[in-house]
Amino acid sequence: MTMRAIEPSTGRGVPDQGVSEHGVAGHEAPGPGTPGLGVPELGVPGLGVPESGVPESGVPEPGVPEFEVSGHQGTGQEGTGHGQRAAVAAVAVTTAVAAPPPGCVLSADGSYGARLAREGDSLFPERWTLDGPEPYAVPLRAGRSEDPGAEVQPMGDGRVLVRRPVDGRHAFALLYPTGPGTGEVPLGAVVCPDGGTRLRLLPPAPCGRRAYAVAVGPRSTALWLVAGGAFGPERVAEIPGRCSGGVWLDRAGRMLSLDRETGGRTKAVVVDLERGGEVSPLLEITEESDDRVLLADPDSGLLLIRSDAPSPGRGRLGWGVLGSTLPVRFPASLRLPDCAVTPFAVQPGQALTPEGCAVALRVDGPLGSWVGVWRPAQRRMHHLPAPEGWLAGTGLWTADGVLRLPCATPAMPCGVAVLNPPGPNPPGPERQSERGRGEDRREGPPEGRKDSSEKPELPSPEGESMTPAAPVALRPVPLREAPLGGL
């Protein structure tokens, strides 16, 4: 069987110029670049902030302001996002659990969002515009119902990329509104005839002009440029081993972190896209540990990781800083019994102060999901009830510490809940109470308000359904021999 990539304009077959061992056809990957970037080496360490292991109660903090929700009101049927339902995860956070996919995908700058919405039995892409005075959604029905296995991703110009899998063939197209209709620009397809190969989109690139995907085969992973190239999908690199995850380490979209499994162990590596996909080690705490990168902030260098180095066989959340020489830390405050904890957003704009960055975490417990807010410099996690209709696992921080959570309900199909969690130096009880009363604002009916002193309001089964300076190219080096005693 001949494997090939399909040109978007003519549909004619393009002879494969380099078939990977997992059977993904495409263009020949560029050769490796000259070794050595000539820049300072980069470690993956922590700042050494002491952790006392303060136990967490799992109760929302008193005095935290309630949500301020803005968006379009509606009375029709809610467009429930594909993958929006928060799975009830009765598992310990100490295991390396894969959280359910987020209910919405946001562009790197937070201007747009995209999701698969449902209307009856039909699935269709929906674009959210979030950078205006009021969020609004535009349905992008392309005359068909999308497959449940399809993926969508917003581009920086407002178009929405869609991946459509059909019998081992993954077709890509860009959708955009055209008055009452939907325009579509076919981009071509990637053929994966091998049943063991899985192709998925990577998180949106920071530049907003390109989109990437990985095709994971039995022994290697192909990295594809699926949008933003010159001639349809282009294979960028072939990486030995099976790769998962995907985190951008810089604002230019050059350095990509992937979690590569080889020899029965998973280690985070970095792929340099400007050097033909040159691969370097990024995180290796011990030779026998599984070390993954979950989230990164290019401004401060803060990394959120999961590793079983401190407790073999049980993954734990930790944090480190790119460029530091101190070891990764594994705070006790990130361990919640019988819950899966997944970071999904880091506060940007905190250059040189990674310990002050606010991190938003999705917490999935036996009865539902809520929001956790944590900072490396603090020894506790603040627990906040999730707003009604939250597209779980989706959110964006502003530079001044405001957390924006997309949500969708039948009454408000497109809205954003605004949270003002406690800052790095929270006020005392009296001032905290006054601030809570002063900032208690919400658009909508009074009966929809929640008391922040109550436990997180967990959804019922029926309710489960929201030019910078050029970055320096850093050379990561693996972290070894981290002091793990007493953790």
Side-chain angles (χ1 to χ4, degrees), residues 33-51 108 203 205-207 245-260 266-275 277-286 289 291-307 309-310 316-331 334 343 345-359 374-378 397 399 424 467-484 487:
T34 304
L37 294 177
V39 293
E41 289 189 338
L42 177 74
V44 185
L47 290 175
V49 179
E51 299 292 345
C207 65
V247 175
W248 295 101
L249 301 179
D250 64 343
R251 294 290 183 196
R254 171 180 176 178
M255 310 299 280
L256 172 68
S257 170
L258 292 172
D259 303 325
R260 180 175 65 176
T266 300
K267 305 290 184 183
V269 298
V270 62
V271 182
D272 189 340
L273 300 184
E274 289 190 5
R275 289 191 170 275
E278 185 177 276
V279 178
S280 303
L282 177 62
L283 180 64
E284 184 176 346
I285 299 180
T286 70
S289 59
D291 310 313
R292 298 173 170 86
V293 172
L294 306 182
L295 205 59
D297 174 52
D299 296 333
S300 63
L302 179 65
L303 289 181
L304 276 298
I305 73 161
R306 192 185 301 277
S307 174
R316 287 180 53 179
L317 281 179
W319 69 282
V321 181
L322 293 171
S324 176
T325 57
L326 297 176
V328 168
R329 308 283 298 184
F330 294 91
L334 291 178
V346 180
Q347 181 184 2
Q350 309 302 302
L352 305 179
T353 56
E355 71 279 2
C357 287
V359 179
W374 172 86
R375 284 180 170 85
Q378 297 177 344
W397 286 99
T467 41
V472 178
L474 299 175
R475 167 70 67 183
V477 296
L479 174 69
R480 296 178 181 272
E481 301 177 2
L484 302 175
L487 295 177

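Nearest heavy-atom pair, Ala296 versus Leu249, reported as atom, atom and distance to 0.1 Å: CB-CD2, 3.8 Å. Residues Pro376 and Cys357 share a closest heavy-atom pair of CD-O, 3.3 Å. The minimum heavy-atom distance between Ser307 and Ala309, with the atom names listed, is OG-N, 3.0 Å. Listed here is the closest heavy atom pair of Phe330 and Gly318: CD2-CA, 3.8 Å.
In this structure, the side chain of Lys267 does not engage the main chain of Ile285 through any donor-acceptor pair within 3.5 Å. Not a single donor-acceptor pair under 3.5 Å links the side chain of Glu274 to the backbone N or O of Met255.
By the side chain to side chain contact (heavy atoms under 4.5 Å, CB included) test, Ala268 is found to be paired with Ser257, Asp259, Leu282, Leu283, Val293, residues two or more places apart in sequence or in another chain being considered. Partners of Ser300 according to the side-chain hydrogen bond (donor to acceptor under 3.5 Å, both in side chains) rule, which considers only residues two or more places apart in sequence or in another chain, are Asp297. With sequence neighbours excluded, the residues forming a side chain to side chain contact (heavy atoms under 4.5 Å, CB included) with Pro343 are Leu294, Leu295, Leu304, Leu317, Val359, Leu361, listed by chain and number. The side chain to side chain contact (heavy atoms under 4.5 Å, CB included) test applied to Leu273 returns Tyr212, Leu223, Val236, Trp248, Val271, not counting sequence neighbours. For the side chain to side chain contact (heavy atoms under 4.5 Å, CB included) test, no residue two or more places apart in sequence or in another chain qualifies with Ala108.
At a threshold of 4.5 Å between non-hydrogen side-chain atoms, the residues Asp272 and Arg254 count as touching. At least one side-chain heavy atom of Pro424 sits under 4.5 Å from a side-chain heavy atom of Arg375. A heavy-atom distance below 4.5 Å is found between the side chains of Arg260 and Val279. For the pair Asp299/Arg251, a side-chain contact is recorded, criterion being any heavy-atom separation below 4.5 Å from C-beta on.
Rounding to the nearest 0.5 angstrom, the gap separating the CG atom in Leu302 from the OG1 atom in Thr353 is 10.0 Å. Within the model, atoms CZ of Arg329 and CG of Leu334 stand 12.0 Å from one another, a figure rounded to the nearest 0.5 Å.
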